[in-house]
Amino acid sequence: MIQAIVFLPLIGAILAGLIAIFGAHARNPSGDAVERHEDAHGHGAQAHAETHATDVHADHGQDDHHDAHHVVEPPAQGSRAAELITTGLLLVSAALSWVVLVDVGFMRHDARIALFTWINSGDLQIAWALRVDTLTAVMLVVVNTVSSLVHLYSIGYMDEDPHRPRFFAYLSLFTFAMLMLVTSDNLVQLFFGWEGVGLASYLLIGFWYQKPSANAAAIKAFVVNRVGDFGFALGIFAIFMLIGSTDFETIFAGAPGQVGKTINFFGWNADALTLICLLLFMGAMGKSAQFLLHTWLPDAMEGPTPVSALIHAATMVTAGVFMVARLSPLFELAPNAQAVVMFFGATTAFFAATVGLVQNDIKRIVAYSTCSQLGYMFVAMGAGAYSVGMFHLFTHAFFKALLFLGSGSVIYAMHHEQDIRNMGGLKDRIPFTYIVMVIGTLALTGFPLTAGYFSKDAIIESAFVSHNPFAFYGFLMTVIAAGLTSFYSWRLIFKTFHGEPHDRQHYEAAHEAPMWMLVPIGILAAGSILAGFPFKELFAGHGVAEFFRESVKMNPGIIDEMHHIPKAIAFLPTVMMALGFVVSWLFYIRRPYLPVELANQHQLLYQFLLNKWYFDELYDLIFVRPAKWIGRFLWKKGDGYVIDGLGPDGVSARVLDITRNVVRIQTGYLYHYAFAMLIGVAGLITWFMSGAGAK
């Protein structure tokens with residue numbers, strides 16, 4: 001059963017890939033490039049230059065994407081077959097994942113399935129094995145459930161794209177890489193899946209490869225993740241150097257013996273376990289878009305909307321959270337590293353929430369929300385409440401995928417318009433989408449009895465009772481972020497679905513998406529409610545030890561302390577949620593002129609948030625421009641002027657110069673040759689007379 005769950009998506013990816021190759025060949029047997037002006041969902045973003053006087057977010061130079069909807073290529077042969085094969089296999093894998101969760105979580109049937117020997121080199125002995133415990137089972141459910149629904153949704157959303165087989169092949173390949181990551185039994189196998197999702201995300205973000213902004217976003221995601229992955233790789237090397245193995249069981253057994261040992265790191269005698277955990281967390285910062293390595297995540301919205309839902313809501317970005325939970329026995333032995341984890345998590349939760357306040361692209365608002373919620377998860381990890389962090393990962397997958405796919409339904413209805421300033425009044429045109437988006441928003445903001453209410457509040461409580469040095473900072477930032485999240489989430493709802501329509505033409509043409517798209521978001525809406533209360537005791541209650549057992553190493557006593565906090569602290573997140581809703585309602589329904597006045601009164605702050613704290617500009621100044629300057633210098637001066645100039649180009653140029661001059665001597669006139677002979681004779685006589693000849 002486990003093998004089927006893991007390898008069915010790979011089979012689907014291979015079959016869809018073959019269909020894509022042969023279908024493309026059948027459509028264009030000569031192999032000549034087919035010129036395309038615009039692809040299905042608009043390969044040509046154009047900036048809006050309109051000024052919206054009714055909103056705080058009048059045009060301040062921010063590029064928003066307005067996708068034209070024209071098709072010039074016929075679909076590849078076998079498109080429907082590729083869709084049905086990959087989606088069918090994912091649905092089977094998802095159903096089996098729920099069976100495994102019951103079997104492993106409740107029946108305690110943990111499993112380790114050895115497939116084959118992978119690397120056998122001296123002390124480095126690595127077997128390819130599938131490790132299935134409760135932590136893995138939870139991730140299998142999250143990955144396969146969301147992925148199968150995204151596949152189903154994509155059948156409707158990508159209906160006019162001529163490259164659907166390739167798209168579905170990439171989706172299934174991504175899912176397989178993620179499954180390899182969560183079922184890994186050692187760090188090298190985990191790294192294989194880690195890099196696999198990085199590759200697949202690069203392919204998916206840049207799927208519309210004729211759109212320059214999509215290519216730039218794909219490259220940015222790939223490069224920023226390489227920065228984090230460099231630290232992750234160093235952490236793996238350090239573990240192997242200390243313990244002599246990359247196998248999880250061996251590492252966990254040997255870790256207590258490494259307490260107090262140091263590693264000489266560039267002359268700094270660092271605590272071994274602290275350094276290792278910091279290096280591993282560096283990888284998590286890149287993959288999970290934490291503060292400083294977050295810049296790739298919002299740009300990744302350039303890919304198709306289903307990609308945003310799959311990669312940046314439920315799977316790839318949560319890989320870092322899963323990795324920290326998997327290696328919880330190491331982090332529990334390195335309290336200083338846990339402090340760093342909580343600091344970055346809390347900072348990310350606050351930072352991303354502030355930026356989300358003023359964004360105008362509907363997908364970017366949800367993207368910054370994802371960034372903020374990942375910060376919440378790391379706050380729980382830093383507090384030692386690993387199961388609580390996994391609880392939010394579990395619930396977040398449902399309501400964030402719902403919000404992304406619901407946004408896709410809005411974009412589909414509005415002829416691929418993504419700017420919420422051009423929307424309004426859509427609740428009457430697409431009522432089903434409106435209802436499910438409200439459900440997703442309630443869950444995200446932590447409305448009582450929704451899934452987010454139980455998991456987000458549990459994280460805030462864990463930060464409050466934690467003994468981490470940054471515990472109060474983590475508590476304060478997450479509480480403030482709760483209010484900000486409520487504000488920008490309801491702002492999205494009010495500006496999109498309420499008020500007067502700003503684009504009458506698109507408004508009149510707006511209609512509900514096809515059933516392929518509505519069924520998945522309906523299921524996710526149910527999950528946004530049902531994923532909370534039934535699982536509360538298992539993830540954040542007294543059933544944690546029995547449910548998770550040895551799959552995570554919890555900070556002892558933290559769950560009990562969470563249940564004995566003051567009532568005022570317990571209700572504080574709900575109060576912040578209600579406050580955010582009221583302020584948003586006041587700003588965008590009751591008195592819509594207020595945001596304009598605030599923006600005019602606080603231009604510096606508004607521009608600071610609108611430009612995302614200027615991180616992109618800062619990184620461009622510090623890293624990108626110097627790197628380009630060095631590259632251009634080495635290319636033009638080093639390679640072109642020095643190496644080529646003195647080497648191949650220089651030699652050939654001198655040969656040409658000499659031959660040109662020799663050719664000039666051959667004039668064809670007899671007196672020229674006689675004159676040359678005379679000079680030669682004179683030179684010879686001079687040589688003899690000088691005494692050289694006398695010898």
Side-chain angles (χ1 to χ4, degrees), residues 119 122-126 131 135 181-182 184-195 198 225-288 290-293 318-345 377-386 389 467-470 550-555:
I119 299 175
D123 293 336
L124 187 61
Q125 307 287 330
I126 301 172
R131 176 193 182 97
L135 184 63
L181 191 158
V182 301
S184 57
D185 189 50
N186 57 73
L187 283 169
V188 179
Q189 191 178 330
L190 187 147
F191 194 72
F192 169 83
W194 192 271
E195 295 302 313
N225 271 277
R226 296 292 70 72
V227 175
D229 292 353
F230 177 69
F232 189 34
L234 288 179
I236 295 174
F237 298 154
I239 287 176
F240 182 72
M241 181 186 77
L242 280 181
I243 299 176
S245 176
T246 61
D247 180 74
F248 288 138
E249 291 302 326
T250 308
I251 292 169
F252 298 156
Q258 304 302 319
V259 174
K261 291 188 178 179
T262 59
I263 293 178
N264 190 298
F265 190 68
F266 294 109
W268 168 44
N269 286 322
D271 180 75
L273 288 177
T274 300
L275 178 63
I276 286 171
C277 288
L278 289 176
L279 289 171
L280 294 172
F281 178 62
M282 186 175 167
M285 286 176 64
K287 197 66 73 185
S288 296
Q290 292 301 283
F291 188 68
L292 300 182
L293 293 180
T318 60
V321 180
F322 165 80
M323 184 266 287
V324 174
R326 171 60 78 207
L327 298 174
S328 54
L330 294 183
F331 281 87
E332 280 299 301
L333 296 171
N336 290 336
Q338 281 187 312
V340 172
V341 171
M342 179 170 280
F343 173 78
F344 275 99
M377 297 175 205
F378 280 111
V379 166
M381 298 290 156
Y386 302 97
H467 301 292
N468 190 299
F470 288 103
E550 298 301 315
S551 60
V552 294
K553 186 176 178 61
M554 291 284 287
N555 185 347

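None of these values were measured; they are calculated from a predicted model.
- The heavy-atom pair separating V552 from S328 by the smallest distance is CA-OG, 3.5 Å.
- Note that the CD1 atom of I239 and the CG atom of L280 stand 5.0 Å from one another [nearest 0.5 Å].
- Annotation: the span from L181 atom CG to T318 atom OG1 amounts to 9.0 Å, rounded to 0.5 Å.
- For the atom pair CG (N186) and CZ (F191), the distance works out to 12.5 Å, reported to the nearest 0.5 Å.
- In the displayed structure, N269 atom CG is contacted under 6.0 Å by more than 12 heavy atoms of other residues, nucleotides or ligands.
- The two residues F240 and T246 make their nearest non-hydrogen contact at CD1-CG2, 4.2 Å.
- Under the 4.5 Å side-chain criterion, counting only non-hydrogen atoms from C-beta, I236 is in contact with F232.
- Contact between S245 and I251 at its shortest, heavy atoms only, is O-CG1, 3.7 Å.
- To the nearest 0.5 angstrom, S288 atom OG is 13.5 Å from F344 atom CZ.
- Under the rule for a salt bridge (Lys or Arg N to Asp or Glu O under 4.0 Å), the partners of E249 that lie at least two apart in sequence or sit in another chain are R131.
- Minimum heavy-atom separation, W194 to K287: O-NZ, 3.1 Å.
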Check: residues 270-278 side-chain donor-acceptor pairs under 3.5 Å, at least two apart:
residue: D271; atom: OD2; partner: T274; partner atom: N; Å: 3.1
residue: D271; atom: OD2; partner: T274; partner atom: OG1; Å: 2.8

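- Screening residues 261-282 for ring pair (Phe, Tyr, Trp, His ring centres under 6.0 Å), with sequence neighbours left out, gives F281-F378.
- Side-chain contact check for E332 versus Q338: some heavy-atom pair is nearer than 4.5 Å.
- In this structure, the side chains of F248 and L190 come closer than 4.5 Å at one or more pairs of heavy atoms.
- Nearest heavy-atom pair, M282 versus L293, reported as atom, atom and distance to 0.1 Å: O-CD1, 4.0 Å.
- The side-chain heavy atoms of E195 and D229, taken from C-beta on, include a pair separated by under 4.5 Å.
- Across I243 and G254, no two heavy atoms sit closer than the pair CD1-C, 4.3 Å.
- Residue M241 holds its CE atom at 13.5 Å from CG of D123, rounded to the nearest 0.5 Å.
- Annotation: side chain of P469 is not in contact with side chain of F343 (no heavy-atom distance under 4.5 Å).
- To the nearest 0.5 angstrom, L327 atom CG is 9.5 Å from Y386 atom OH.
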